[in-house]
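Heads up, the thing below is written out as structure tokens.
Because the structure is predicted, anything quoted here is derived from the model rather than measured. Numbering starts at 1 and runs along the sequence shown.
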Amino acid sequence: MSERLPLGVLGGTFDPVPVGHLRLAEEACELLGLARVRWIPAGQPRHRETPRVAPAHRLRMVELAIAGNPRFELDAAEAESGEASYTVPTLERLRIESGAAQPLVLILGADAYAGLPTWHRWREIFSLAHVAVTHRPGFPVDPAALPEALRREHLARIVAGDDAAALAAAPAGRILGLAMTPLAVSATQVRALLAAGRSARYLLPPAVIDYIDLHHLYRSRNGS
């Protein structure tokens, strides 16, 4: 049985990274007993529109956003690869790096989780990591609303919402719902504000706003 603290895995385009994502990662650390959260900006995401700014800019913005939090760390591998980003190969790489006994916890929003069956080699995720599904308080994932193939996995693997210790007891394979403080601030909304010449203060970390202003990001159509 593993006695290691789990490593959280948080991927996304982070185009840019709003404060809600930072709060999500902080609460995940506390509620799931994570040793750290590995932030992994996607290079060319397969399930989202092409990012507005170049990977180098997104990497730097995440670096600035998470600076000062010793439990947050940046993983540049996907963004620097120049290739399409897939979750399973990334988890395979992390598994090799961290060892077979290290618990990994993939952090997903409820919408992304519901779309899991459309992902590349999605069933293999459960042999590589646990999955923490974030949701609004009082609105956990409804198994009946999930695609049939995912519903079967969900019912077989779900653990009690207050049993975060179960994630440290095995390296992978469990699903846990995680109620998060609702902060409805999306990167899409932030980009729209910036494109309109409006302020993103209190929606993005100050260092990220300074970086956006310095490089004139999101003000033009190509955003770069």
Side-chain angles (χ1 to χ4, degrees), residues 5-42 45 47-48 58 61-75 87 103-116 125 129-143 145-146 154 157-168 174-194 198-212 218:
L5 293 178
L7 170 65
V9 180
L10 183 60
T13 53
F14 305 126
D15 188 28
V17 52
V19 293
H21 285 67
L22 295 162
R23 183 61 195 174
L24 180 154
E26 178 74 4
E27 292 188 6
C29 278
E30 293 182 343
L31 299 176
L32 300 180
L34 304 180
R36 304 181 308 284
V37 170
R38 180 80 62 91
W39 291 69
I40 309 180
H47 292 270
R48 293 177 179 269
R58 291 185 289 109
M61 286 189 287
V62 172
E63 184 178 33
L64 291 168
I66 68 176
N69 190 324
R71 293 194 293 187
F72 292 173
E73 58 189 28
L74 178 64
D75 186 321
T87 298
L104 301 178
V105 182
L106 179 64
I107 303 169
L108 295 178
D111 290 345
Y113 178 67
L116 209 57
I125 289 173
H130 303 300
V131 178
V133 186
T134 67
H135 60 84
R136 290 180 298 153
F139 294 90
V141 171
D142 179 5
L146 298 174
H154 183 91
R157 299 177 182 278
I158 191 72
V159 299
D162 60 352
D163 191 18
L167 302 183
R174 293 170 179 170
I175 299 169
L176 184 141
L178 185 63
M180 309 298 295
T181 300
L183 293 172
V185 180
S186 72
T188 300
Q189 294 169 318
V190 170
R191 290 196 302 271
L193 287 173
L194 293 171
R198 296 176 60 188
S199 169
R201 185 179 296 176
Y202 310 123
L203 301 178
L204 299 173
V208 174
I209 293 176
D210 290 344
Y211 184 88
I212 288 170
Y218 304 110

If I take atom [atom1] from residue [X] and atom [atom2] from residue [Y], how far apart are they, to the nearest 0.5 angstrom?
X      : Y      : atom1 : atom2 : result
Leu203 : Arg198 : CG    : CZ    : 9.5 Å
Leu5   : Arg71  : CG    : CZ    : 10.0 Å
Ile40  : Leu106 : CD1   : CG    : 8.5 Å

Is there a side-chain contact between [X] and [Y], using heavy atoms and a 4.5 Å cut-off?
X      : Y      : answer
Ile125 : Leu116 : yes
Pro205 : Val208 : yes
Leu104 : Pro6   : no
Ile107 : Val9   : no
Trp39  : Glu63  : no
Leu194 : Ile212 : yes

request  = Starting from the C-alpha separation in whole Å, work towards a yes-or-no answer on side-chain contact (heavy atoms from CB on, under 4.5 Å) for Met180 and Glu26.
outcome  = CA-CA 10 Å; Met180 309 298 295; Glu26 178 74 4; over 6 Å; no
task = List in chain and number order the residues that pass ring pair (Phe, Tyr, Trp, His ring centres under 6.0 Å) with Tyr211, two or more places apart in sequence or in another chain; answer none if no residue qualifies.
result =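 Tyr211: ring pair (Phe, Tyr, Trp, His ring centres under 6.0 Å) contacts with His57, His215.
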Under 3.5 Å, is there a donor-acceptor pair between the side chain of [X] and the main chain of [Y]?
X      : Y      : value
Glu27  : Leu24  : no
His130 : Arg174 : yes
Arg58  : Ala42  : yes
Arg191 : Asp15  : yes

request  = Might you work through the side-chain contact (heavy atoms from CB on, under 4.5 Å) test for Ile175 and Val133, ending with a clear yes or no?
outcome  = CA-CA 7 Å; Ile175 299 169; Val133 186; 4.1 Å; yes
[X] versus [Y], closest heavy-atom pair with distance:
X      : Y      : result
Leu193 : Ser199 : CD1-O, 3.9 Å
Val105 : Ala132 : CG1-CB, 3.7 Å
Gly109 : Thr134 : CA-OG1, 3.4 Å
Ser186 : Pro18  : C-CG, 4.3 Å
Pro41  : Asp75  : CD-O, 3.4 Å
Val190 : Pro16  : CG1-CG, 4.0 Å

query = Distance only, no hydrogens: is a donor on one side chain within 3.5 Å (strictly under) of an acceptor on the other, for His154 and Tyr113?
reply =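 The criterion, which ignores hydrogens and geometry beyond distance, is satisfied for Tyr113 and His154.
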key: Geometric class of the His21/Phe14 ring pair [parallel <30°, tilted 30-60°, perpendicular >60°]   = perpendicular
inquiry  = Using side-chain contact (heavy atoms from CB on, under 4.5 Å), reason through Val141 and Leu146 one step at a time and then give a plain yes or no.
reply    = CA-CA 8 Å; Val141 171; Leu146 298 174; 3.9 Å; yes
The single option from Leu7, Val37, Ile66 passing side chain to side chain contact (heavy atoms under 4.5 Å, CB included) against Glu73 = Leu7
task = Run the numbers on Leu32 and Leu178 for side-chain contact (heavy atoms from CB on, under 4.5 Å), then give the verdict.
result = CA-CA 9 Å; Leu32 300 180; Leu178 185 63; 3.9 Å; yes
